[in-house]
Amino acid sequence: MEFYKFSKDSGKSISKFNSNFIMSHVVQTDKASNIGCMHLEANGVVGYHQAVVPQLLLVMNGEGYVRNDEMQNIKVQPGDAVFWEKDEWHETKTDKGLTAIVIESSELNPSLFMSLKK
């Protein structure tokens, strides 16, 4: 399990085409990818299971906890990205609610675009 950040302070200012915004790049894939938005209500859980393919969880709103088979619960909040390798056991849960974008692809490499969270 690796932790990255995609918050505003890790992005780059874009001014091309008279634009004025911050872009935090996440991933790029050439192979098929599944992208979804996961909504966990209060006391929601994505049960402990193995990742079928590499998986990236991008926390958008709320807060919660993640773990794999080697770690206790680690708190996550908006701007945090959690990466699990294929076959890695993991779980996500929340007490208050959490909304996240989930990206799954056989060729995810978030370290190409995001910095590790300290």
Side-chain angles (χ1 to χ4, degrees):
M1 181 165 56
E2 295 175 336
F3 293 88
Y4 294 88
K5 60 181 187 168
F6 67 99
S7 56
K8 181 178 175 182
D9 64 332
S10 65
K12 294 181 181 176
S13 179
I14 306 296
S15 59
K16 194 172 187 176
F17 308 117
N18 293 319
S19 299
N20 182 15
F21 67 96
I22 304 293
M23 173 65 79
S24 297
H25 289 282
V26 177
V27 295
Q28 177 178 328
T29 65
D30 292 325
K31 295 185 180 177
S33 299
N34 292 316
I35 303 170
C37 186
M38 183 172 64
H39 305 271
L40 281 79
E41 299 294 330
N43 299 310
V45 63
V46 177
Y48 192 61
H49 67 284
Q50 279 183 294
V52 177
V53 294
Q55 180 178 11
L56 185 63
L57 177 85
L58 305 169
V59 181
M60 303 301 294
N61 289 302
E63 61 183 40
Y65 298 90
V66 297
R67 71 178 180 105
N68 64 6
D69 62 345
E70 298 174 2
M71 295 183 175
Q72 296 297 319
N73 291 330
I74 305 292
K75 186 175 182 177
V76 292
Q77 57 195 7
D80 288 344
V82 185
F83 178 66
W84 291 285
E85 295 285 355
K86 181 181 189 285
D87 296 326
E88 187 172 4
W89 286 88
H90 65 288
E91 178 181 65
T92 303
K93 63 182 181 178
T94 179
D95 296 329
K96 300 177 182 178
L98 181 145
T99 303
I101 300 296
V102 178
I103 303 171
E104 299 173 309
S105 177
S106 62
E107 65 169 13
L108 287 183
N109 188 352
S111 64
L112 294 176
F113 295 95
M114 293 186 292
S115 58
L116 286 169
K117 183 178 176 184
K118 296 178 184 180

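No experiment lies behind these values; they were computed from the predicted model shown.
- The two atoms that bring Leu40 and Lys93 nearest to each other are CD2-CA, 4.5 Å, heavy atoms only.
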With a 3.5 Å cut-off and sequence neighbours excluded, list the donor-acceptor pairs that the side chains of residues 50-64 form with protein atoms.
from  : atom 1 : to    : atom 2 : distance (Å)
Gln50 : NE2    : Asp87 : O      : 3.0
Gln55 : OE1    : His90 : NE2    : 3.0

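- Atom CG of Asn18 and atom NZ of Lys16 lie 12.0 Å apart (nearest 0.5 Å).
- Transitive grouping of hydrophobic side chains (ILVMFWY, heavy atoms separated by less than 4.5 Å) keeps Phe83 and Trp89 in distinct clusters.
- The distance from the CG atom of Asn34 to the CD1 atom of Ile103 is 10.5 Å, given to the nearest 0.5 Å.
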### Task
List the steps, then state whether side-chain contact (heavy atoms from CB on, under 4.5 Å) holds for Cys37 with Thr99.
CA-CA 7 Å; Cys37 186; Thr99 303; 3.7 Å; yes

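- Leu108 approaches Glu104 most closely through the heavy-atom pair CD1-CA, 4.3 Å.
- Remark: Asn20 CG is loosely packed, at most 12 non-hydrogen atoms of other residues, nucleotides or ligands lying under 6.0 Å away.
- In this structure, Ser115 and Lys5 have side chains that are in contact, with non-hydrogen atoms separated by less than 4.5 Å.
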### Task
Assess whether side-chain contact (heavy atoms from CB on, under 4.5 Å) is satisfied between Arg67 and Tyr48, documenting all intermediate values.
CA-CA 9 Å; Arg67 71 178 180 105; Tyr48 192 61; 3.5 Å; yes

### Query
When you look at Val76 and Phe3, which way does the side-chain contact (heavy atoms from CB on, under 4.5 Å) test go after all the steps?
CA-CA 9 Å; Val76 292; Phe3 293 88; 4.1 Å; yes

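- Rounding to the nearest 0.5 Å places CE of Met23 at 11.5 Å from CZ of Phe113.
- A heavy-atom distance below 4.5 Å is not found between the side chains of Lys86 and Trp84.
- Nearest heavy atoms, Phe6 versus Asp80: CE2-O, 3.2 Å.
- In this structure, Glu88 and Asn68 approach most closely via the heavy-atom pair OE2-ND2, 2.8 Å.
- Considering only heavy atoms from C-beta on, Asn43 comes within 4.5 Å of Asp95 through its side chain.
- Between Lys31 and Ser105, the closest heavy-atom pair is O-OG, 4.2 Å.
- Taken to the nearest 0.5 Å, the CG atom of Leu98 stands 11.5 Å off from the OH atom of Tyr65.
- Clustering ILVMFWY residues whenever any of their side-chain heavy atoms sit less than 4.5 angstrom apart, transitively, puts Ile101 in the very cluster that holds Met114.
- Judged by distance alone, with hydrogens and angles left aside, the side-chain atoms of Glu107 form a donor-acceptor pair with the main-chain N or O of Asp30 at under 3.5 Å.
- When the side chains of ILVMFWY residues are joined at heavy-atom separations under 4.5 Å, either directly or via intervening members, Met38 and Ile74 end up in a single hydrophobic cluster.
- Nearest heavy-atom pair across Thr94 and Glu41 is CG2-O, 3.5 Å.
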### Query
What do the steps show when you test Tyr4 against Lys117 for side-chain contact (heavy atoms from CB on, under 4.5 Å), and what is the final call?
CA-CA 5 Å; Tyr4 294 88; Lys117 183 178 176 184; 5.8 Å; no

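- No continuous path of hydrophobic side-chain contacts links Met1 to Leu116 [ILVMFWY only; heavy atoms under 4.5 Å].
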